[in-house]
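Comments concern the structure below.
This is a predicted model, so every value here is computed, not measured. Just so we're on the same page: letters track the sequence lines, and every chain starts at 1.
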There are 2 protein chains.
Amino acid sequence: MLNLSRHPTTVYQAIADQLETEVRSQWRSGDFLPSEKQLAERFGVNRHTLRRAVDELVNKGLVQRRQGKGILVLTRPWDYPLHAQARFSQNLMEQGSHPTSERLLAVIRPANTEVAAALGIEEGSDAIHLRTLRRVDGVPVSVINHWLPNLEHWPTLRAFSQGSLHAFLQQHLSLTVSRAQTRISARRAQAKESKLLEIALHAPLLCVRTLNLRDDNQQVAEYSVSLTRADMIELTLEH
Amino acid sequence: MLNLSRHPTTVYQAIADQLETEVRSQWRSGDFLPSEKQLAERFGVNRHTLRRAVDELVNKGLVQRRQGKGILVLTRPWDYPLHAQARFSQNLMEQGSHPTSERLLAVIRPANTEVAAALGIEEGSDAIHLRTLRRVDGVPVSVINHWLPNLEHWPTLRAFSQGSLHAFLQQHLSLTVSRAQTRISARRAQAKESKLLEIALHAPLLCVRTLNLRDDNQQVAEYSVSLTRADMIELTLEH
DNA sequence: CGAAATTTGTTCGTATGTATA
DNA sequence: TTATACATACGAACAAATTTC
């Protein structure tokens, strides 16, 4: 009855495998699975064992428990090709210059420790803060926070609404910038990020911090931190 | 007895909070906690309840279970100050040339699809496969798989046991190599990787795929895939 | 080397609490 | 209010991995 072909280690694991297959094929985002009681009866196991199996799906981000309601399916179609076939590649040097971005936020706010250190300004002093969301084929892939120390650019920048920020700086402020340093790390998606990027809580994100200098005087022009869905994008670098 | 000050919701949560405090203050990486039986008796709860509390710490990546042994503490003091202060930086260009690596594996085996494509050989034909583990201050940070297409190097390479692979190639085979392409992605740690790197299951890993060419004739000399603890290492790139 | 003891992992059962419809 | 469904907690037993003797 159960698929025990690959790793027939435990009962709950076999049930988890079976449930994952069903969730990925015959259930859709927003659906609720049958109740734990029903599923336990169907598989002929104790409800604890069934719960342990569902735990696996919860940890994989495929379903969510809702007390009093049921087990919510989160499956997204691009969850299937876990292998890198369906990934997009992005050149690491193209940070901040994607024509497909939309602006989510544009404010002036005090710089925190990290931003102040990067921009070379005093902690708590004002800086321009933009947030953009980049999509590929309509799917959100990166949320990028940009900070700029030069407040004189604010009247112009607040008009930025979509497209490439670097192209905008060039066009409206005659400002050309180049990358001085790039730092790459990875971490799990937190609540806000998982909502923006439409992914599971704790899904892995690539984090790229870039410092951009003005070409003319080598002053810091922009500091950006991009968070990119690691299941969608791979960074490349040619030497 | 238990710290119920903040979220006194459940027994297991209160125990988890208490254990987390203790793990962060009085235990060190590599220690084993008292047995579940002892802890359950100490807190006056059933072993299931104690296990549910430890589950919380496992999910946070603070401890790891080892069947038959105990509960391993992984405390990383840099877990809370989410700022990257305590991180080590690694230049992205230094892939494969770390003097602190130890060899875990050295075999000849058929290349799978990915490796064959990278090395430019036929799928299923033999290649040299090395696996190394890199540590920083004794803490495992990267596991690296290296594949080399030239089987003539095997008699020499099988003697490689520790240190920098690239230095070894240079010294014993007069082979100098350079990076041609680098691809960077991120994913969650799977079971084997989390054990090797002593991190939580599903902890984020940076994955760097590098293609190295011989300097003399530009032939593919080595393809490597490194998996690095994202909580420990940050990749940097100066331009 | 092997048997026993220890420790974590899995599975059953039962009961009660809490959130939702 | 009642019924349903998930959440927590206790108890018992055995399996599997590791260490110890």
Side-chain angles (χ1 to χ4, degrees), chain A residues 1-4 6-19 23 27 30-59 61-74 201, chain B residues 1-4 6-19 23 27 30-74 190-192 194-196 198 200-202:
Chain A
M1 180 179 69
L2 289 177
N3 174 15
L4 296 161
R6 286 162 52 89
H7 307 291
T9 43
T10 63
V11 175
Y12 81 79
Q13 190 57 251
I15 295 174
D17 289 348
Q18 175 65 26
L19 281 178
V23 159
W27 296 96
D31 289 347
F32 281 87
L33 295 185
S35 74
E36 294 179 347
K37 186 162 176 284
Q38 287 175 284
L39 287 172
E41 281 169 5
R42 171 187 151 195
F43 289 111
V45 296
N46 188 275
R47 199 179 131 229
H48 286 307
T49 306
L50 187 277
R51 275 179 68 80
R52 184 67 184 82
V54 173
D55 281 345
E56 296 296 299
L57 304 204
V58 171
N59 288 333
L62 295 173
V63 301
Q64 234 176 50
R65 292 187 206 273
R66 296 289 173 91
Q67 185 171 357
K69 289 192 71 174
I71 298 162
L72 176 64
V73 175
L74 301 173
L201 188 65
Chain B
M1 179 180 70
L2 289 176
N3 174 14
L4 297 161
R6 286 163 51 91
H7 305 291
T9 43
T10 63
V11 176
Y12 81 78
Q13 191 55 252
I15 294 173
D17 289 348
Q18 174 65 25
L19 281 178
V23 159
W27 297 95
D31 289 346
F32 281 87
L33 295 185
S35 75
E36 293 179 349
K37 188 162 173 285
Q38 286 175 284
L39 287 172
E41 281 169 7
R42 172 187 151 195
F43 289 112
V45 296
N46 188 275
R47 198 178 132 226
H48 284 307
T49 307
L50 187 278
R51 276 177 68 81
R52 184 67 184 80
V54 173
D55 280 346
E56 295 296 299
L57 304 205
V58 171
N59 288 333
K60 286 189 179 184
L62 294 172
V63 301
Q64 205 174 75
R65 291 186 149 97
R66 296 287 172 95
Q67 185 170 355
K69 288 192 72 174
I71 298 163
L72 175 64
V73 175
L74 304 172
Q190 295 172 359
K192 283 184 184 175
S194 67
K195 291 229 165 128
L196 272 174
E198 296 176 10
L201 187 65
H202 297 158

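Taken from CH2 in B:Trp27 to CG in B:Leu74, the straight-line distance is 14.0 Å, to the nearest 0.5 Å. Note that CG of A:Leu50 and CZ of A:Arg42 are 9.5 Å apart. Values are rounded to the nearest 0.5 Å. Note that OG1 of B:Thr49 is 13.0 Å distant from CD of B:Gln13, once rounded to the nearest 0.5 Å. In this structure, the separation between CG on B:Leu19 and CD1 on B:Ile71 is 8.0 Å, given to the nearest 0.5 Å.
The rotation axes computed at either terminus of the helix from C:dG2-D:dC21 to C:dA21-D:dT2 lie 10° apart, taking five pairs at each end and rounding to 10 degrees.
Applying the side-chain hydrogen bond (donor to acceptor under 3.5 Å, both in side chains) criterion to B:Gln64, with sequence neighbours excluded, gives B:Arg66. With sequence neighbours excluded, the residues satisfying side chain to side chain contact (heavy atoms under 4.5 Å, CB included) with A:Arg52 are A:Tyr12, A:Asp55, A:Glu56. Judged as a side chain to side chain contact (heavy atoms under 4.5 Å, CB included), and not counting sequence neighbours, the contacts of B:Ser35 are B:Lys37, B:Gln38.
Paired with A:Val73 under the rule side chain to side chain contact (heavy atoms under 4.5 Å, CB included), one option of A:Leu57, A:Leu62, A:Leu33 passes, and it is A:Leu33.
A salt bridge does not link A:Arg47 to A:Glu41: none of the charged nitrogens lies less than 4.0 Å from a carboxylate oxygen.
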What is the per-nucleotide protein-contact pattern of nucleotides 6-12 of chain D, from the 5' end, where B denotes a base atom under 4.0 Å from a protein heavy atom, S denotes such proximity for sugar-phosphate atoms only, and - denotes neither? BBBBBBB
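For DNA chain C, the outermost nucleotides in 5' to 3' order that have an atom under 4.0 Å from a heavy atom of chain A are C:dT10 to C:dA21.
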Please lay out, stage by stage, how A:Glu36 and A:Arg65 fare under the test side-chain contact (heavy atoms from CB on, under 4.5 Å). CA-CA 11 Å; A:Glu36 294 179 347; A:Arg65 292 187 206 273; 3.1 Å; yes
